[in-house]
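Step one of this worksheet: look at the structure below.
All chains are named by letter (A, B, ...) in the order of the sequence lines, taking the proteins before the strands, and each is independently numbered beginning at 1.
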There are 2 protein chains.
Amino acid sequence: MDLKLTPRQQEILDFIRNSLEVLGAPPTRAEICNAFGFASPNAAEDHLKVLAKKGAIVMEPGSARGIRLVEQLGLPLIGSVAAGSPLLAVENQLGRVQLGNQLFSPRADYLLKVRGNSMTHAGILDGDLLAVHKTNEARNGQIVVARLGDDVTVKRFKKTRNRIELIAENPDYENIVVDGPLEIEGIAVGLIRNGDAL
Amino acid sequence: MDLKLTPRQQEILDFIRNSLEVLGAPPTRAEICNAFGFASPNAAEDHLKVLAKKGAIVMEPGSARGIRLVEQLGLPLIGSVAAGSPLLAVENQLGRVQLGNQLFSPRADYLLKVRGNSMTHAGILDGDLLAVHKTNEARNGQIVVARLGDDVTVKRFKKTRNRIELIAENPDYENIVVDGPLEIEGIAVGLIRNGDAL
DNA sequence: CCGATAGCTGTATAAATATACAGCTATCGG
DNA sequence: CCGATAGCTGTATATTTATACAGCTATCGG
């Protein structure tokens, strides 16, 4: 979903860019109307919907000035996950990393900053950024981001006839035999290592 | 008015910075409350008022998410001025230039992109950015930004016993003898020339 | 001529948001 | 001990804002 924009739609997009630069915030529908001389706020709304459908912007539902430019979105970088909070909650985000998500396959939805050494033998070191594809299903042998109660962990997924195990790729760490509620948050599709860690 | 911030106030400011980076827009009062665990939106309001008074932010009255960081504000760059519109109207702004306003004295309030060659003999070329201090009063010999009806022009100010003249510093252009309404928008306090024009 | 699409007007409304007023506690310099 | 200030709770409200619904015109490929 990344179709070409009509000239008019391009103008709207440019206005949003300009608003971000000049005002420091995205415009409201009313401001768009004002800038283009629209008599109805719905004219702006329609344009925004099209821009969203075409993948140029993302709209934060119900939020004032909730227009985000996809081009400057990049992938959210998730830090340490606060107990019980949704992985992608704003409070867990360290920022965004400018990175086309077509770099990985399947598509990366976010980056997770890895903490600890439980996966070092799989080449995943402390501080690495793990590119994660959001999904609820994992196949045997895949490296998953899993939630066990309040904890979020990165491990290798192993499913046998009678149980599910989360394998630590480091003999110093113990594998986890799942007995409580397990939720797959996503599967690893890539890795980025910052120069600092090399 | 640029006093030191308390640690708490610094935290609030950092949160605003973070919100701009992560969300792409300034936070609402409610979001600040949420992030810091405040029970009352007024706690956020108070902090913002202090930050505004101390010069760290500027608040757009009545506007949703109307918090601007002064540090990334720079000086507004005014392009061609639409007939009849206020000089600093958003529609006239080409963007902002990162520039401490203490560079000039008196303080520069905005930059005006000069159009035309009527001041070339004063070293003001087409395309130059003129740093302007906002004021209604000009002294003899100062270079002023003046409004004559719908037109905004840059000229040297000359006041004699019985009339006011706007002098063009280029023999190819004619001086303007003021007979209609004249409004001084500001006086030139500096000049910036972009590499392109050299 | 038809249906789809772009681009708009006009109206309405629930929810988000800014922001005022009143008051309370802890700290700190004098 | 006093007054000022920082930092907050709690309540209330006028605006701003997002956004739905209904409908209209012009263009364009078939």
Taking the minimum atom-to-atom distance to the side chain of [X], which one of [options] wins?
| X | options | answer |
| --- | --- | --- |
| A:Gln9 | D:dA20, C:dA6, D:dT9 | C:dA6 |
| A:Thr6 | D:dG7, C:dA6, C:dA18 | C:dA6 |
| A:Pro61 | C:dT19, D:dT19, D:dT9 | D:dT19 |
| B:Asn42 | C:dC8, D:dA6, D:dT9 | D:dT9 |

Report the distance from atom [atom1] of [X] to atom [atom2] of [N], rounded to the nearest whole Å.
| X | N | atom1 | atom2 | answer |
| --- | --- | --- | --- | --- |
| A:Leu48 | C:dG7 | CG | P | 13 Å |
| B:Asp46 | C:dA18 | CG | P | 15 Å |
| B:Glu31 | C:dA18 | CD | P | 8 Å |
| B:Arg65 | C:dA18 | CZ | C1' | 12 Å |
| B:Gln10 | D:dA6 | CD | C1' | 16 Å |
| A:Ile67 | C:dA16 | CD1 | C1' | 15 Å |
| B:Glu11 | D:dC8 | CD | C1' | 14 Å |
| A:Asn34 | C:dT9 | CG | P | 12 Å |

- For B:Ser40 and for B:Pro7, find the nucleotide of DNA chain D with the closest heavy atom, then tell me which residue's nucleotide is more 5'.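 Closest to the 5' end, via its nearest nucleotide, is B:Pro7.
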Base-pairing mate for [N] - Watson-Crick or G-U, with both contacts under 3.5 Å:
| N | result |
| --- | --- |
| C:dA14 | D:dT17 |
| D:dG30 | C:dC1 |
| C:dG23 | D:dC8 |

TODO: With heavy atoms under 4.0 Å as the rule, sort A:Ala64 into base, sugar-phosphate or nothing.
DONE: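 Counting heavy atoms under 4.0 Å across all strands, the contact made by A:Ala64 is with sugar-phosphate only.
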Could you point out which residue of A:Val132, A:Leu75, A:Ile78 forms a side chain to side chain contact (heavy atoms under 4.5 Å, CB included) with A:Leu111?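 The passing option is A:Leu75.
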query = Does one hydrophobic cluster hold both A:Leu148 and A:Ile187, with members joined at side-chain heavy-atom distances below 4.5 Å?
reply =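 Linked, A:Leu148 and A:Ile187 end up in one cluster.
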Short side-chain N/O contact to [N] OP1/OP2 from [X], under 4.0 Å:
| X | N | answer |
| --- | --- | --- |
| B:Arg29 | C:dA18 | yes |
| B:Lys49 | C:dA18 | no |
| A:Ser63 | C:dT17 | yes |
| A:Thr28 | C:dA16 | no |
| B:Arg8 | D:dC8 | yes |

request  = Using a strict 4.0 Å threshold on nitrogen-to-oxygen distance, state whether A:Lys134 and A:Glu185 make a salt bridge.
outcome  =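 Judged by the 4.0 Å cut-off on N to carboxylate O distance, A:Lys134 and A:Glu185 do not form a salt bridge.
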Hey, which sits more toward the 5' end of DNA chain C by its nearest nucleotide, A:His47 or A:Pro41?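 Per heavy-atom nearest nucleotide, the more 5' residue is A:His47.
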Parallel, tilted or perpendicular: rings of B:Phe15 and B:Phe36 (30°, 60°):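 If you compare the ring of B:Phe36 with that of B:Phe15, the planes turn out perpendicular.
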- [ ] For B:Ser19 and B:Arg65, test the side chains for any donor-to-acceptor distance below 3.5 angstrom and give the result as yes or no.
- [x]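 No.
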message: Side chains of B:Thr120 and B:Asn170: any donor to acceptor distance under 3.5 Å?
response: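 Looking only at side-chain atoms, B:Thr120 and B:Asn170 do form a donor-acceptor pair, the distance falling under 3.5 Å.
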